[in-house]
Number of protein chains: 2
Amino acid sequence: MTTTATAPQATRRKAPEPATATALKLFVVLARAQRAITERINASLVEKGLTEAEFAILEALYHKGPLLLGEVQRKILVSSGGITFLVDRLAERGLVERQMCPSDRRARYAALTKKGEALIGQIFPAHAEAIREAMSGLSRAEQKQATELLKQLGLAAAIRKPAAE
Amino acid sequence: MTTTATAPQATRRKAPEPATATALKLFVVLARAQRAITERINASLVEKGLTEAEFAILEALYHKGPLLLGEVQRKILVSSGGITFLVDRLAERGLVERQMCPSDRRARYAALTKKGEALIGQIFPAHAEAIREAMSGLSRAEQKQATELLKQLGLAAAIRKPAAE
DNA sequence: TGATATTATCTCAGTAGTAAGATGTTCAAT
DNA sequence: ATTGAACATCTTACTACTGAGATAATATCA
């Protein structure tokens, strides 16, 4: 923590160091951009009667085939209670079913039913198109640039920060 | 784990167009980066007993002075019921108080109490520092570049999409 | 072989909000 | 003044989860 002892100005709140100001600005625009994007995307999901997490499960199973609940959980980043709850809800609607795992009796697969497969197969293209549209504020080259930067940012941030108490 | 390492199903989904694939990738890394960042930041807020929204209110009042509830609401992007609830909760803890608006009897100001001012004044610097650290996966120049791209992306996405369909 | 730790899922109480509509206030045009 | 639209906030019912702990199965190792 580099608290460089600059003379405290009693005027307005102490202005942060430039490096911190840059980071704060990025923090704000990152949050706003993500919110603006997901608000658009989720609006189209709500019309289909799916939450973001439900859609994410269907999509994961659609593209990867049956997955263990734990695998889905890690992929869509919900709690263990959450994945049970979500799969229950999708199962009640007949979109997903649990299957035994032959090699581990604790574990269960989640798999799309015919009905679930039909549903996600129908709405995924529109979802992808909505994302393409939502991102159209940037050219493709800019999108790739942003992707690289965000990948780097996200990976670094995901690493447990140095054990500085 | 060995689920027949061979082709799971021949149902390889139709690959999306390149432009859509680019947008999808950006969508994923944007969500992941934002999540990794806010998870770090929020962890430090939880230690202080504040949610993200509560902190955002305190910060807004700290930097702008008393604000009408509606102004705070629009600034931190919660529902009208949400802002009432949040200000109630902060008021119960003695961090914020409501004040009459002399020119409009419908409206109320939210203002920091001494206690609230002391709290936010104490934790804001650490918060800013946590953000600086969370962003340190990018150089300052890269952060500025990312900020520009995200600003452009966010602004475009926030505009109501053309009323086509 | 057990003893112990780990893992996978499930249960259930709790939480941080949202959505829709109610209430009281202001404003503009009669 | 009077009506009605627009507003600012509040109330209530609900929701989509989270977190902690329970249960059962598997892995590790003395």
Side-chain angles (χ1 to χ4, degrees), chain A residues 31 35 38-43 45-58 60-61 66-93 95-111, chain B residues 1-3 31 35 38-39 41-43 45-58 60-61 66-93 95-111:
Chain A
R35 188 178 181 110
T38 57
E39 222 155 65
R40 281 178 69 142
I41 304 309
N42 290 359
L45 290 184
V46 165
E47 289 168 21
K48 312 289 182 180
L50 292 174
T51 67
E52 197 177 341
E54 288 171 334
F55 178 84
I57 293 174
L58 296 180
L61 299 179
L67 294 174
L68 294 175
L69 290 195
E71 293 174 327
V72 182
Q73 184 196 334
R74 281 183 292 277
K75 188 154 179 46
I76 73 168
L77 300 176
V78 295
S79 64
S80 67
I83 193 64
T84 295
F85 171 71
L86 287 162
V87 170
D88 279 353
R89 207 164 50 185
L90 291 170
E92 273 165 25
R93 288 207 254 159
L95 300 173
V96 153
E97 63 188 6
R98 285 186 174 80
Q99 292 169 356
M100 289 296 166
C101 173
S103 62
D104 185 342
R105 278 186 300 174
R106 295 170 299 179
R108 300 279 179 280
Y109 283 104
Chain B
M1 289 285 166
T2 29
T3 50
R35 185 175 185 116
T38 58
E39 222 154 66
I41 304 309
N42 291 0
L45 290 183
V46 166
E47 289 169 19
K48 313 288 183 178
L50 292 173
T51 67
E52 196 177 344
E54 286 171 336
F55 178 84
I57 293 175
L58 296 180
L61 300 178
L67 294 174
L68 295 174
L69 291 195
E71 292 174 329
V72 182
Q73 183 196 333
R74 281 183 292 276
K75 189 155 179 44
I76 73 168
L77 302 175
V78 295
S79 64
S80 67
I83 194 63
T84 295
F85 171 71
L86 286 162
V87 170
D88 280 353
R89 207 164 50 184
L90 291 170
E92 273 165 26
R93 290 207 255 160
L95 300 173
V96 153
E97 62 187 8
R98 284 186 174 80
Q99 292 171 354
M100 288 296 165
C101 173
S103 63
D104 186 341
R105 279 187 300 175
R106 293 169 301 181
R108 301 279 179 280
Y109 284 104

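Note that these values count all heavy atoms, side chains included, but never hydrogens, waters or copies made by symmetry. Naming: A, B, ... by sequence-line order, numbering from 1 per chain.
A search for side-chain contact (heavy atoms from CB on, under 4.5 Å) contacts involving Ala31(A) returns Gln34(B), not counting sequence neighbours. Glu71(B) meets the side-chain hydrogen bond (donor to acceptor under 3.5 Å, both in side chains) test with no other residue; sequence neighbours excluded. Checked against side-chain contact (heavy atoms from CB on, under 4.5 Å), Ala91(A) has no partners two or more places apart in sequence or in another chain. With sequence neighbours excluded, no residue satisfies ring pair (Phe, Tyr, Trp, His ring centres under 6.0 Å) with Tyr109(B). Applying the side-chain contact (heavy atoms from CB on, under 4.5 Å) criterion to Ala43(B), with sequence neighbours excluded, gives no partner residue.
If you measure from atom CG of Leu50(A) to atom P of dT15(D), you get 16 Å, rounded to the nearest angstrom. Here dT23(D) presents its P atom at 17 Å from CZ of Arg108(A), a figure rounded to the nearest Å. The nearest whole Å value for the distance from the CD atom in Glu92(A) to the P atom in dT15(D) is 13 Å. Going from atom CD of Glu71(B) over to atom P of dC7(D) covers 15 Å, rounded to whole Å. Regarding Tyr109(B), its OH atom lies at a distance of 15 Å from the C1' atom of dT9(D), rounded to whole Å. Put simply, CG on Leu68(B) is 16 Å from C1' on dC10(D), counting in whole angstrom units. If you take CD of Gln99(B) and C1' of dA8(D), they are 17 Å apart, rounded to a whole angstrom.
The distance from atom CZ of Arg108(A) to atom CG of Leu68(A), rounded to the nearest 0.5 Å, is 10.5 Å. How far CD1 of Ile57(A) is from CG of Leu50(A): 10.0 Å, rounded to the nearest 0.5 Å.
Within the structure, every pair that satisfies the salt bridge (charged side-chain N to carboxylate O under 4.0 Å, His left out) test and touches residues 80-89 of chain A, not counting sequence neighbours, is listed here: Glu54(A)-Arg89(A), Asp88(A)-Arg98(A).
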*Could you write nucleotides 14-23 of chain C as a row of B, S and -, 5' to 3', where a protein heavy atom under 4.0 Å of any base atom gives B, of only sugar-phosphate atoms gives S, and otherwise -?*
--SBBB----
Please list every donor-acceptor pair under 3.5 Å in which a side-chain atom of residues 72-86 of chain B meets a protein atom from a residue at least two apart or in another chain.
residue, atom, partner, partner atom, Å
Gln73(B), NE2, Val78(B), O, 3.4
Ser79(B), OG, Gly82(B), N, 3.0
Thr84(B), OG1, Ser80(B), O, 3.4

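The 5' end of DNA chain C is approached more closely, in terms of each residue's nearest nucleotide, by Ala107(A) than by the other of Asp88(A) and Ala107(A).
Residue Arg98(A) has a polar side-chain atom (N or O) positioned under 4.0 Å from OP1 or OP2 of dC10(C).
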I'd like a table of atom pairs between the protein and nucleotides 24-28 of chain C - only N or O on both sides, under 3.5 Å - with the distance next to each one.
residue, atom, partner, partner atom, Å
dT25(C), O2, Arg106(B), NH1, 3.2
dT26(C), OP1, Arg105(B), N, 2.8
dT26(C), OP2, Arg105(B), NH2, 3.3

